[in-house]
Every structure is written in structure tokens, then in C-alpha cells.
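Written below as C-alpha cells is the structure these notes are about.
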Amino acid sequence: MVLLKIITKSSVISKSLPFSYFGKLFTEAAHLKREQPLFIFYKNRIYIDPRFTIFAVMTHINSVKPLLIVVTGPTASGKTLVSSEIAQHFCTEIISADSRQLFREMEIGTAIPDSDLLSKVKHHFIHSHSINDYYNASRFEEEVIQKLHELYSKVDIVVLTGGSMLYIDAVCNGIDDLPPIDLEIRNNLIARFEKEGIESLRFELKKLDPDYYHEADLQNHKRLLHALEICLQTGKPYSSFRTHTRKQRPFGIIKIGLSASREILYDRINRRVDDMVNAGLENEARRLYPYRRNNALNTVGYREWFDYFDGFSSYDETIEKIKSNTRRYARKQLTWFRRDGEVKWFDLSETGQIIPYIETRLKILWKNHHHLY
RNA sequence: GGUGCCAUAGCUCAGUAGGUAGAGCAACGGACUGAAAAUCCGUGUGUCCCCGGUUCGAUUCCUGGUGGCACCA
């Protein structure tokens, strides 16, 4: 809801109005007894009759939560195009939730939107960081929440799109606050793991945090390393930082998922990998080869080339491996989606229904507040 | 046309000295709170080419087909 105040030579008009939500023409003029409307709302912008002298137009958003439209789906399901259409329809901007498109050094292999789309809609968190930066889901949460705060002062709808589910969860539900870890503690633990093996980590965790020891995946060294880092850094068990609660967000969330049959999805993946190869993926990987130890480059579409450069696989095997690993990645994403009951799914053949669906949801959301005024 | 070899999972192939089978890859499922395109865990999906024969029992041995490969014509 928007409080609109228009100050003219002769009068001050104050009106509470719904935001320009449906993308339809919205007029508000009857009370002026004019034949022509004084101003119209259209797609988040206010257009004023030029024959009228306006001294000031002030608006502010009031009471109704702004909205985050989350567009997700497995890799190569067409998120980029759909989210761009949604953003254009609602005259807003896109935040990318993609843990690899963040990095400006990686372009072809991460399938960032093309320059045409980037010029039509403002995108955030694409090529915003360097592969030399230390990055993680918590940082993403912090930076996106900050960015949303900024954006919601201008618009009341923002689109979040991507397939990095942990990152999306971090924005929608939050993740627990943890202290930063000294590099020395981290490196010591890694060295210990490499020298003494995972058994040594289990032994230490059982001592420092028996609670987490019982629920942890004891085969997964990353989980154990992380828990131990926290224990050693703080002197308190890692489990004492785990709240198991969702953070409250000052915005509403609608989740849209894009789906396709396995056959179609796999075909899209295979074709996209071929396109990437034709666009010069091998050269991009060769350029990044010196950085292959960076976590950012522990990524499908790059690590396979590094094996090829090291002589461990043939050219054809490399491309097959990229396709196969991308398919596996998509399956892993699907596993994550199955647990999230909040997602409204649309098949690729019915993407035309997405914007009408969002508009219906908006009507329901905002109608309830209308009675307050 | 002749001779030899081969036919087993979606693919490449093991194997059963006769008791209806198993590896790798692919595929499929799950976990997931500061590396997440990461990391970790689990699952065999089969007319053992076809028709007969021998046998208590044949994917395995035998006859004959069919298909493939190699060599000789």
C-alpha cells in the first residue's frame, strides 16, 4: 500500500492506493471531478497530466510487506528467461541466487544471462565478486538482505532467481549467526584431516560436542571440519549455536519452480554444454587453470577441463563428463526441491501461466489490507 | 560362399568346472545451516540372442538358426 500525496497550486491531494500491481492501467481521478485523470499509475510509475502544475509528489510504502518472488528450478530449466519476463512485467530488478555466477572471472561455464537481458533488466550478484574472494551462504544472506532493503525503498516487488538452494534458503529463512573463524584454526584442522584422516576429526568432535556428534554425518569431513572450527574458535559446542529456527523477514515470499520431464531437461543440458563448448569454454577453463585450487573453480564445467589439461581424460570424455556431472547436479537440486512444499511448480510448456498466477496471489495478499484504509 | 571367434544390465565387459548372475560407467533415491555447481550416503533396473536336444535342473554342454566381427575365397 502506498500513501500518495500530491501538492498542487490549489490543493493537496492525499490518497492511499494499492501499488501498481497488476500491470494494468490504474486511474484515480473521480474525486477531482475532471474529465481527464490527473495522474495514472502504470507499472510502478506515476504519470501526471502535463497541463497540471505539480509542486511535489510524495509516496511511501505503508504497512503491507513488500514481496520477494523466488524463481527456481534445476539447472538449464529456463530460469533466466522466465525471471527476466517477470521482472520486466513488474518493472523491477533481479537478484541472482547462483553461487557461481557471482564470480566475474567465470562467464561461459556459468551461463549468465546474455547482454541483451542484462541491459533490459538490472541484475544484482552477477559478476559482483572475484574467485579470489572467500564467499559463502552467510555472506550471501547478509549482502542480499542489505540489497533488498535498498531495493524496497524504490519498488515493492523484487525477483530472486537461481538454483543454489542453500543460498535461497539463507535469504528466505536465514542461517544461524556464527563467529568468524581464524584462518589458522581452519588450516590446522585441514592439515590434521589430511594427515590423520577423518577418524581423528570424529574423535575430537565426540569430545568437544557430543550432541552434534550424534546427529552429524560422520562420513562427511566438511561437516565435521566446520563443527570443529566453531568449537575451537569459541570454546563452546557447535550445537549451542544451532537454533533450528527461521528468521523473520520483512517481506513476503512467493516461490515459483520450473520443471520439465527428465528427457527434456537432459536434452537441454546436453545442448547447453555443447553451446558452451562452442562458445569457448575450453579457453575460459585454460585461462582459469592457475586458480584451480580456488573453491570457486571446484565447479562442474571447469574441473573436468583441468583433468583434461592434466592428461587424465580425452577431449570427448571431458565433454561427456561435463554433461553427466551437470545432469547429476540437476538431480541433486531436484532432491532438494522435493522437500520444499512452498514451491508452486510450472512445466516449461506452461510458463505463460506464471505471471497470472503471481497476480492472483498478489490480489489475495493485498486485498486483505485494503480494508484498513 | 568357407573357416574361426563372439552374443549376459542402457553402454563396456566379467562370471557360472550345469543349481536363473556382477563390476565400472550411465541411471535412480536420500542427506544438507559459512566450501553448496561443494561434500557425503544409499539402490541392480536382466527372457543371460532364438528354436530344439541332453539333464532332476541349461545362461553355461550339444544340433540348427539369426545377428556381429575377423580371416580365407
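The structure displayed is predicted, hence computed values, not measured ones. Every chain is numbered from 1 and lettered A, B, ... according to where its sequence line falls, protein lines coming before strand lines.
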Distance check, [atom1] atoms only: [N] and [M], in whole angstrom units.
{"N": "B/C5", "M": "B/U43", "atom1": "P", "answer": "40 Å"}
{"N": "B/A9", "M": "B/G24", "atom1": "C1'", "answer": "12 Å"}
{"N": "B/U55", "M": "B/C69", "atom1": "P", "answer": "38 Å"}
{"N": "B/C62", "M": "B/G29", "atom1": "C1'", "answer": "45 Å"}
{"N": "B/U12", "M": "B/U47", "atom1": "P", "answer": "16 Å"}
{"N": "B/U60", "M": "B/G22", "atom1": "C1'", "answer": "16 Å"}
{"N": "B/A35", "M": "B/G44", "atom1": "P", "answer": "34 Å"}
{"N": "B/U8", "M": "B/A21", "atom1": "C1'", "answer": "8 Å"}

Which is true for [X] with a 4.0 Å heavy-atom rule: it touches a base, it touches only sugar-phosphate, or it touches nothing?
{"X": "A/Tyr238", "answer": "sugar-phosphate"}
{"X": "A/Asn294", "answer": "nothing"}
{"X": "A/Thr326", "answer": "nothing"}
{"X": "A/Lys321", "answer": "sugar-phosphate"}
{"X": "A/Asp98", "answer": "base"}
{"X": "A/Gly109", "answer": "base"}
{"X": "A/Leu225", "answer": "base"}

Beyond-backbone contact of [X] with [Y], side-chain heavy atoms, under 4.5 angstrom:
{"X": "A/Val159", "Y": "A/Phe90", "value": "no"}
{"X": "A/Glu282", "Y": "A/Met276", "value": "no"}
{"X": "A/Tyr152", "Y": "A/Leu68", "value": "yes"}

Looking at [X] and [Y], does any basic side-chain N land under 4.0 Å from a carboxylate oxygen?
{"X": "A/Glu105", "Y": "A/Arg287", "answer": "no"}
{"X": "A/Lys79", "Y": "A/Asp98", "answer": "no"}
{"X": "A/Arg249", "Y": "A/Glu141", "answer": "yes"}
{"X": "A/Glu342", "Y": "A/Lys255", "answer": "yes"}
{"X": "A/Asp182", "Y": "A/Arg186", "answer": "no"}

### Short side-chain N/O contact from A/Tyr134 to OP1 or OP2 of B/A35, under 4.0 Å
yes

Atom [atom1] of [X] to atom [atom2] of [N]: distance rounded to whole Å?
{"X": "A/Met106", "N": "B/A36", "atom1": "CE", "atom2": "P", "answer": "10 Å"}
{"X": "A/Phe241", "N": "B/G34", "atom1": "CZ", "atom2": "C1'", "answer": "13 Å"}
{"X": "A/Ile230", "N": "B/U33", "atom1": "CD1", "atom2": "C1'", "answer": "10 Å"}
{"X": "A/Leu166", "N": "B/A35", "atom1": "CG", "atom2": "C1'", "answer": "10 Å"}
{"X": "A/Asp209", "N": "B/U33", "atom1": "CG", "atom2": "P", "answer": "13 Å"}
{"X": "A/Phe103", "N": "B/A36", "atom1": "CZ", "atom2": "C1'", "answer": "11 Å"}
{"X": "A/Glu141", "N": "B/G34", "atom1": "CD", "atom2": "C1'", "answer": "10 Å"}
{"X": "A/Met165", "N": "B/G30", "atom1": "CE", "atom2": "C1'", "answer": "16 Å"}

### Message
Wobble G-U and Watson-Crick pairs count when both distances are under 3.5 Å; given that, what is the 5' to 3' dot-bracket string of RNA chain B, with | for pairing to other strands?
### Response
(((((((..((((.....[..)))).(((((.......))))).....((.((..]....)).))))))))).

### Task
Quick one: classify the glycosidic conformation of B/G57 as syn or anti, with syn meaning within 90° of 0.
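The base of B/G57 is oriented anti (glycosidic angle more than 90° from 0).
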
### Task
Verify whether the ring centers belonging to A/Tyr302 and A/Trp305 lie closer than 6.0 Å.
no

### Task
Would you please indicate if the ring centroids of A/Phe312 and A/Phe306 are separated by under 6.0 Å?
no

Atom pairs under 3.5 Å, N or O on each side, protein against nucleotides 27-29 of chain B: can you list them with distances?
residue : atom : partner  : partner atom : Å
B/A27   : OP1  : A/Arg327 : NE           : 2.6
B/A27   : OP1  : A/Arg327 : NH2          : 3.4
B/A27   : OP1  : A/Arg331 : NH2          : 3.1
B/A27   : OP2  : A/Arg331 : NH2          : 2.8
B/A27   : O5'  : A/Arg331 : NH2          : 3.4
B/C28   : OP1  : A/Arg262 : NH1          : 2.7
B/C28   : OP1  : A/Tyr266 : OH           : 3.0
B/C28   : OP2  : A/Tyr266 : OH           : 2.4
B/C28   : OP2  : A/Arg331 : NE           : 2.1
B/C28   : OP2  : A/Arg331 : NH2          : 3.3
B/G29   : OP1  : A/Arg262 : NH2          : 3.2
B/G29   : OP1  : A/Arg338 : NH2          : 3.2
B/G29   : OP2  : A/Arg262 : NH1          : 3.3
B/G29   : OP2  : A/Arg262 : NH2          : 3.3

### Task
Look up atom CG in A/Asp133 and atom CZ in A/Arg139, then write down how far apart they are to the nearest 0.5 Å.
5.5 Å

#### Entry: Pairs touching residues 199-219 of chain A that satisfy ring-ring contact (aromatic ring centres under 6.0 Å, His included), sequence neighbours left out
A/Tyr212-A/Tyr238

### Query
With a cutoff of under 4.5 Å between side-chain heavy atoms, which Ile, Leu, Val, Met, Phe, Trp and Tyr residues group with A/Tyr329?
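Members alongside A/Tyr329: none; it stands by itself.
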
### Summary
Under a 4.0 Å heavy-atom criterion, the protein footprint on nucleotides 38-45 of chain B, written with B, S and -, is BBBS----

### Message
Which is more 5' along RNA chain B, the nucleotide nearest A/Tyr302 or the one nearest A/Asp176? Just name the residue.
### Response
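By nearest-heavy-atom nucleotide position, the 5'-most residue is A/Asp176.
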
### Task
Could you list the residues that satisfy salt bridge (charged side-chain N to carboxylate O under 4.0 Å, His left out) with A/Arg331, not counting sequence neighbours?
none

